[in-house]
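To start, the structure under review is shown below, and the notes come after it.
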Amino acid sequence: MDSIPSEVLKRYQDLKEAIAGHDYLYYVLDRPEIDDDGYDALMRELLRLEAEQPSLISPDSPSRRVGGKPLDKFEKVRHSQPMLSLDDVFDLQELEGYLRRAQGSIEPFPWTCELKIDGLAVSLTYVEGVFVKGATRGDGTVGEDVTSNLLTVKSLPLKLKGPVPHVLEVRGEVYLSKRRFARLNEEREELGEPLFANPRNAAAGGLRQLDPKIAASRGLDLFVYYVVDPLSLGLESQGEVLRWLEERGFPVQRAWKVCYDLEQVKDFISLWQEDRFSLPYVTDGVVAKADPLSQWERLGRTARAPRWAVAYKYPPEERMTRLIDIEISV
Ligand code: NAD
């Protein structure tokens with residue numbers, strides 16, 4: 001590290017500490033002190049420094065971590081496969097670079113575009129088609145057993161339809177609708193309690209309550225978008241996965257589309273840039289996933305995210321509008 005100027009080193013250490021502190025507040029306590037745009041700016045600065053000076057990267061860098069540590073009060077669940085985060089891009093040029101790199105020099109393949117639901121990731125296990133266990137992502141390797149709280153989510157199927165394997169694990173997003181969020185904050189204001197920063201924090205707080213009655217009173221909701229080991233079910237593309245999940249009775253967000261080239265991906269993003277405000281829940285971007293599952297094997301993953309998917313985040317101005325939208329939607 002000798003060649004790294006001391007002010008760069010100092011800035012890097014400060015960024016690492018600041019991000020670690022915000023991660024703890026956000027993921028463990030569900031009580032963020034800065035908004036997501038402020039956090040993303042810190043993370044991007046850290047990533048830029050790491051790209052410029054790769055020798056800076058230490059094993060404890062927040063750029064290598066997924067989420068936060070599970071709380072002590074819940075039973076721990078070790079995930080059968082890591083629950084990863086997603087790489088973010090913030091403009092169309094970056095998105096194009098990401099998709100072109102993933103494409104490489106092979107025959108072009110399609111991308112499935114889905115809306116990015118601003119909630120928190122959960123894993124759901126079914127045995128003989130019956131829901132038996134649900135867990136949060138935690139640090140990606142170990143999560144929290146929140147089964148009793150997930151049982152209060154009315155859209156979560158307790159028994160699946162059609163043929164399913166003996167053990168099935170799916171993953172998705174628990175979220176709070178804009179209407180529920182507004183009502184919850186109104187109630188909290190009347191009681192003089194601190195308000196939730198956004199629906200995601202309110203959902204995360206609800207799912208991690210020790211008393212399931214509190215989780216039930218939040219009225220949490222669910223979308224499922226992933227199945228562990230899809231090839232063993234004879235599924236070959238993300239589009240087939242989403243259809244299969246819907247046929248089994250899972251709530252699947254309907255706006256997804258298979259896009260055959262970059263222009264179609266961009267069209268999907270621009271279509272939903274405005275239209276998403278009319279949805280009853282908050283979406284903060286679009287997730288593009290390689291549609292053929294064979295590409296998932298080929299592209300693999302980094303320590304924190306798959307290389308076969310990328311999240312395009314809508315610009316901050318849009319998110320400002322979103323907050324106003326929440327207020328007027330009640
Ligand atoms: P993320 O929210 O950027 O994206 C990854 C997650 O998207 C996945 O884990 C999954 O849960 C979710 N997702 C939603 N819809 C999906 C779909 N259709 N397909 C696949 N995945 C889907 O990543 P993260 O690791 O959950 O959180 C990081 C973000 O959290 C940061 O970008 C930042 O904005 C925010 N954050 C804020 C603070 C703060 O203090 N304000 C602190 C830490 C993190």
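What you see is a predicted model, and the numbers here were worked out from it, not measured in a lab. Along the sequence shown, the residues carry numbers beginning at 1. In each ligand, atom 1 is the first atom listed, and ligand 1 is the first ligand listed.
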Y281-D221 side chain donor-acceptor pair, cut-off 3.5 Å: no

Please identify which atoms of ligand 1 are closer than 4.0 Å to at least one heavy atom of I34. 39 (C), 40 (O), 41 (N)

What part of E33, side chain from CB on, backbone N/CA/C/O, both or neither, has a heavy atom under 4.0 Å from ligand 1? neither

Quick test of your reading of the structure: of R171, R44, E114, K116, whose heavy atom lies closest to atom 18 (N) of ligand 1? E114

Out of Y175, Y26, F90, W256, whose heavy atom is nearest to atom 44 (C) of ligand 1? Y26

Side chains of E114 and Q238, donor plus acceptor under 3.5 Å: yes

Atoms in ligand 1 flagged as close to D35, the criterion being non-hydrogen separation under 4.0 Å: 41 (N)

Note: ligand 1 atoms sitting under 4.0 Å from heavy atoms of L84 are 9 (O)

Using atom types as modelled and distance alone, determine if a side-chain donor or acceptor of Y126 lies under 3.5 Å from a backbone N or O of P165. no

Where on D284 is there a heavy atom closer than 4.0 Å to ligand 1, on the side chain, on the backbone, on both, or on neither? neither

Measure K313 to ligand 1 on non-hydrogen atoms and call it side chain, backbone, both or neither using the 4.0 Å cut-off. side chain

In terms of atom number and element, which parts of ligand 1 are under 4.0 angstrom from non-hydrogen atoms of L115? 15 (N), 18 (N)

Who's closest to atom 22 (C) of ligand 1 heavy-atom-wise, of Y225, Y226, F223? Y225

Does one side chain, of E50 or Y12, offer a donor that lies under 3.5 Å from an acceptor on the other? yes

Residue-level breakdown please: for D37 versus ligand 1, do any non-hydrogen atoms fall below 4.0 Å on the side chain, on the backbone, on both, or on neither? neither

For the residue pair Q253 / Y225, report whether a side-chain donor-acceptor contact shorter than 3.5 Å exists. no

Would you say P32 has any N or O atom under 3.5 Å from an N or O of ligand 1, going by distance alone? no

Which of the atoms of ligand 1 are close to A121, meaning less than 4.0 Å from one of its heavy atoms? 11 (O)

Residue part near ligand 1, for M83, under 4.0 Å between non-hydrogen atoms: neither

Check for me, please, whether V228 and F250 land in the same ILVMFWY cluster - side-chain distances under 4.5 Å, paths through other members count. yes

Within 45 degrees of the axis of the six-membered ring of F74 and under 6.0 Å from its centre: does R208 put its NZ or CZ there? no

Taking 4.0 angstrom as the limit and counting only heavy atoms of S85, give me the atoms of ligand 1 inside it, by number and element. 5 (C), 23 (O), 24 (P), 25 (O)

Pairs involving residues 224-247, ordered by first then second residue, that meet salt bridge (Lys or Arg N to Asp or Glu O under 4.0 Å) (sequence neighbours left out): E246-R254

Answer with yes or no whether V287 contacts ligand 1, where contact means a heavy atom under 4.0 Å from a ligand atom. yes

Which is it for D40 and ligand 1 at heavy atoms under 4.0 Å: side chain, backbone, both or neither? side chain

Among E173, R137, K289, whose heavy atom sits nearest atom 26 (O) of ligand 1? R137

Have R100 and Q103 got a donor and an acceptor in their side chains that come within less than 3.5 Å? no

Quick test of your reading of the structure: of T112, D23, L86, V122, whose heavy atom lies closest to atom 5 (C) of ligand 1? L86

Could you report the tightest heavy-atom contact between T152 and P212, atom names first, then the distance? CG2-O, 3.7 Å

Hey, is the main chain of E144 close enough, under 3.5 Å, to the side chain of T136 for a donor-acceptor pair? yes

For Y27 and D139, which I'm curious about, is there any donor-acceptor pair between the side chains at under 3.5 Å? no

